[in-house]
Amino acid sequence: MIKNDNRFDVAVIGAGVIGCAVARELTRFTGSVLVLEREGDVCEGTSKANSAIIHGGFDAKPGTLKAKFNVLGNSMMDRISEELDVPFSRIGALVACLSEDDLPKLEELKARGEENGVEGLVILSREEALRLEPGLSDGVYAALFCPSSGIVCPFELTLGFAENAARNGADFRFSHEATAIRREGDGFEITAGGEEFFARAVVNCAGVFADRVRGTVAERDYRITPRRGEYMLLDKRAGNTVSHTVFGVPSKFGKGVLVTPTVHGNLMVGPTAEDIPDPEDTATTAAGLAKVRTMSALTVRGIPYKQVITSFAGLRAHGDAHDFVIREDAEIKGFFEAACIESPGLSSAPAIASHVAKMVKERLALSERADFDPIRRGIPKVASMSDADRARLIKERPEYGQIICRCETVSEGEILDAIRRPLGARTLDGVKRRTRAGMGRCQAGFCSPKVIAILSRELGVPYGEVKKNG
Amino acid sequence: MAENVKLAIIGGGPAGMAAAIAAREAGVGDIVILERDSELGGILNQCIHNGFGLHTFKEELTGPEYAARYIDRVLGLGIRYETGTMVLSVSENKEITTVSRARGLLVYKADAVILAMGCRERPRGALNIPGTRPQGIYTAGAAQKLVNCDGFIPGREVVILGSGDIGLIMARRMTLEGARVRLVAELMPYSGGLKRNIVQCLDDYGIPLKLSHTVVDIKGKKRLEGVTVAEVDGTGTPVPGTEEYVECDTLLLSCGLIPENELSLTAGVELNPVTNGPFVNDRLETNVPGVFACGNVLHVHDLVDFVSEEAGRAGVAAAKYLSGDGGEAGRILDIVPGAGVRYTVPSTVDAGRCDEAIHVRFRVRDVYRSCSVRVAAKDREIMVKKRRIIVPSEMEDVILKRSALEGVEGPITVEIVGV
């Protein structure tokens, strides 16, 4: 017998950016929402290790779901970032081609983009491109400029969706891996984390595991190949190497290596694209990191690789049909999927979520809630506020005057907020993604003992039980 | 609404305290030390091993004992200090923006500033070690803080990459705490730490030091499971076929220290790309008049005794600057690193008004045996000092006499000869 606490109208599998966005959109409607996540926190898979770009939408083939949701998602980002207090900046992107021979590729991208509904695309000569972006390499022949492309903080975006969903009543269960889903009456029984749940509808947002999740309830009619991408992140001193996102001309393995400032002022370079068998293998490799260097040098000159502060790898959920799978199952009514979400998945997340939530609403005959609150306020950031605001905040809450992370100027107040807020941090990485403590140039050398002490105190666990992640 | 202060010292570690004491003894009344941690002493507080103070006090002290000697003098001299105070920026006109729990946002307007922020450890990312990113990887200093201050042993099976002094000290510490230190791998063909630390921290405990080796892969998803160590060739490139997998739950990194000069940059201070510290003249003054630097923020030292000595000179120089005793600039000579020398501190000397004796500190590029340190100007040799062995991991010091600079045409070159 399933406990009443474990009975919901909708169960979302996966608390990455897609799952959290879907959960948030679902809370606009009547009906209870459950989110099941195998890891101990939101944003633990693809959502935490990607290019952090809100793409314009010129790369995807016209008519695909990627094209549709990317362009739509991009247009929604200003409002989303406002509502959820997420750093987002439309800095524009350049696709650099290296020879006259490649010019047709730029023209093709421009035509594709225009067909997809991307506005403002223009092909620039080398001179014009250099005026816009003096950091381009000597080999750049021409560039496609996309003004609507932007950069975002993917952690904050995922947290924003999740916290807002939780505030509006969604129930998140971490360390609950959905291992079996069974059709039962007018809904589904789900086994997760040693518990049984019931939901009238299920939304599969399980990232690189989505095909396996599907396989427990339906025929696996798509396959996901984890496609690993390796990145390097450089010190903020290198953040002004470029002021736009600079891509090379795309290939069948994706958009190639990009060079971009991040919303926090670092420089990011990557990714590689390598199909691998293990959906958990986020190891970096010497060859991959070397490739990032070689490829980036083609489009941007003088990247100061001595200032790398960390490198990482993420996995995209590449589907064998080369497009997103976004649907209600044709046979199993009530089983919804937002799967094979590789790039431009982050960009598409708001639009996918809105679309999927509406399908669920129709299926379950839900109605709009009058009391949905779309606003989420992030943690106050001492690093980026004015002196007047700092003075006011510390006067009110002295713990915001105690700086714990010196590199990123993160205060004890921010860390306490990160732990105490809904869906609060439970690990060093959880604190890091919410506050940036440990994200800076010393990579937590100085602040990790202090953050461990705070976590230990707040959670009431000994040092040895304070984990880096999971 | 800034608070005026004659001399602001950023950092209350060994450098900041010694600078403050010297400045006060040279007559500066209005001093404030700004310290981000909750107490004075800096990194000494976590260095509970002995070996400090042999030069300064002619006795062997632990880090906290050495710090206490200076803290007592700071207290005795009534020098003001603010702990828990983070400096967010220093402007070119010496406005220092701080935040603290106790006093909120506070801006100081100083007549002179001494930079004494110390240094940080080079993190894994900067070393470009491939592999996973599990729990169990710490810089040696972070592990030292956990073990010595917080009473937490981060692991039981340890590999140490880099033979910097903190790594060597931690090899011994972890062993004494019951962990098994499998090996210390060092990329270079020579150690990065002091000879005495190799002997006392590795040899005495039978811990192997593998020179010309590095970590080429890291395994483990949640928790570190092991690392792959390989030999490197003369260019630091791993040699295929030499890989060896070593099981461990902890990897400590002791791969170099980086002077922490982000604040210096906000003040417009020009940095030497070799040391990552400011360019300074013989008074330890940066290119920004009235802004001085000393200790590990200037260049990384091996011994705290030399930090204190150098910082004392910065304090005296700041006092002179504040009393208007600096005088007109005289005859400025460049001091440049020559053959075998990576850098010198200072990088200029004012032959017209410098002290009677000028310390020139430097590090060499490689291990040199039976050689000489030669200091020379274009037209003459200033000094030659014979050396049996000279190594990159030990800071060198030559003292130039002011009288020897009379009539010298710059620049002055410091070089290694007779190799």
Side-chain angles (χ1 to χ4, degrees), chain A residues 230 232-233 235-237 280-289 305-313 382-383 387-388 390-395 398-403 406-407 409 411-412 427-429 441-450 452-453 456 462-464 466-470, chain B residues 36-38 46 84-89 97-107 117 120-146 149-154 216-223 238 253 258 260 262 265 273:
Chain A
E230 301 185 35
M232 285 190 260
L233 188 74
D235 192 289
K236 287 180 176 175
R237 273 200 228 173
E280 297 191 72
D281 184 4
T282 54
T284 56
T285 62
L289 296 176
Y305 277 109
K306 274 185 121 173
Q307 293 184 38
V308 170
I309 58 171
T310 189
S311 49
F312 61 92
V382 171
D387 279 355
R390 284 171 179 156
R392 204 173 308 123
L393 179 63
I394 300 168
K395 199 166 187 183
E399 61 272 26
Y400 284 85
Q402 182 82 49
I403 302 302
R406 58 171 75 169
C407 302
T409 316
S411 64
E412 180 163 1
T427 61
L428 286 169
D429 283 354
R441 49 179 65 91
C442 92
Q443 287 286 300
F446 284 113
C447 69
S448 59
K450 295 180 181 184
I452 292 172
S456 163
Y463 267 51
V466 175
K467 302 289 183 212
K468 179 178 181 289
N469 56 37
Chain B
R36 55 189 154 203
D37 221 319
S38 57
Q46 68 184 55
T85 300
M86 183 76 187
V87 175
L88 299 184
S89 66
T97 304
T98 68
V99 290
S100 68
R101 187 188 282 265
R103 306 180 72 201
L105 183 101
L106 190 62
V107 180
M117 293 88 77
R120 63 171 173 268
E121 300 175 277
R122 181 165 284 128
R124 177 210 172 164
L127 304 167
N128 249 319
I129 309 169
T132 55
R133 293 163 299 287
Q135 178 155 12
I137 304 173
Y138 303 87
T139 55
Q144 188 179 46
K145 169 97 165 56
L146 286 170
C149 300
D150 301 340
F152 173 66
I153 315 302
V216 295
D217 198 14
I218 293 173
K219 284 267 177 288
K221 185 165 162 58
K222 297 280 185 197
R223 178 80 207 192
L253 305 173
I258 307 166
E260 188 127 282
E262 281 62 38
L265 291 171

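For clarity, every value in this text was computed on a predicted model and none was experimentally measured. We name chains A, B, ... by the order of the sequence lines, and we start the count at 1 in each one.
Using a 4.5 Å cut-off between heavy atoms, A/Leu233 does not touch chain B at all. For A/Leu289, the part sitting under 4.5 Å from any heavy atom of chain B is the side chain, from C-beta outward, and nothing else. Contact annotation for B/Leu253: neither backbone nor side-chain heavy atoms come within less than 4.5 Å of a heavy atom of chain A. Residue A/Thr409 touches chain B through its side chain alone, counting heavy-atom pairs closer than 4.5 Å. Looking at B/Thr132, the atoms closer than 4.5 Å to chain A (heavy atoms on both sides) sit in the backbone and in the side chain alike. Only the backbone of B/Pro134 has a heavy atom closer than 4.5 Å to any heavy atom of chain A. Neither the backbone nor the side chain of A/Lys306 comes within contact range of chain B; no heavy atom of the residue lies under 4.5 Å from a heavy atom of that chain. For a residue to count as touching a neighbouring chain, one of its non-hydrogen atoms must lie under 4.5 Å from one of that chain's; by this rule A/Tyr463 touches chain B with backbone and side chain alike. Only the side chain of A/Glu412 comes within contact range of chain B, judged by heavy atoms closer than 4.5 Å. Heavy atoms closer than 4.5 Å to chain A are found nowhere in B/Ser38, neither backbone nor side chain.
Residues A/Ser311 and B/Asn128 share a closest heavy-atom pair of OG-OD1, 4.3 Å. Nearest heavy atom pair, residue B/Pro123 against residue A/Cys442, reads CB-O, 3.8 Å. The shortest heavy-atom contact between B/Gly104 and A/Ile394 is CA-CG2, 3.5 Å.
The closest side-chain heavy-atom distance from A/Gln443 to B/Arg124 is not below 4.5 Å. The side-chain heavy atoms of A/Thr284 and B/Arg133, taken from C-beta on, include a pair separated by under 4.5 Å.
Ranking B/Lys221, B/Glu121, B/Arg223 against chain A, the residue ahead of the rest is B/Lys221, based on heavy-atom pairs under 4.5 Å. For the options A/Thr310, A/Asp429, A/Leu428, heavy-atom pairs under 4.5 Å to chain B are most numerous at A/Thr310. Note: B/Arg120 leads B/Lys219, B/Arg120, B/Arg103 in heavy-atom pairs under 4.5 Å with chain A. Per-residue counts of heavy-atom pairs under 4.5 Å with chain B were compared for A/Gly288, A/Ala388, A/Cys407, A/Pro398; the largest is that of A/Pro398. Annotation: maximal heavy-atom pairing with chain B below 4.5 Å, among A/Thr427, A/Val308, A/Thr285, A/Asp387, occurs at A/Asp387.
Judged as a salt bridge (Lys or Arg N to Asp or Glu O under 4.0 Å), the pairs with a partner in residues 135-146 of chain B (not counting sequence neighbours) are, in order, B/Lys145-B/Asp150.
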Passes side-chain contact (heavy atoms from CB on, under 4.5 Å), B/Lys222 versus A/Lys467? Steps please.
-> CA-CA 9 Å; B/Lys222 297 280 185 197; A/Lys467 302 289 183 212; over 6 Å; no

Give the C-alpha distance, both sets of side-chain angles, the deciding distance and a yes or no for side-chain contact (heavy atoms from CB on, under 4.5 Å) between B/Leu265 and A/Arg237.
-> CA-CA 10 Å; B/Leu265 291 171; A/Arg237 273 200 228 173; 3.5 Å; yes

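Side-chain atoms of A/Arg441 do not come within 3.5 Å of backbone N or O of B/Glu260 as any donor-acceptor pair.
Not counting sequence neighbours, A/Tyr305 has no partner by the ring pair (Phe, Tyr, Trp, His ring centres under 6.0 Å) test.
Around NZ of A/Lys395, the count of heavy atoms belonging to other residues, nucleotides or ligands within 6.0 Å does not exceed 12.
Between A/Lys236 and B/Glu262, no side-chain nitrogen of the basic residue sits less than 4.0 Å from a carboxylate oxygen of the acidic one, so the salt-bridge criterion is not met.
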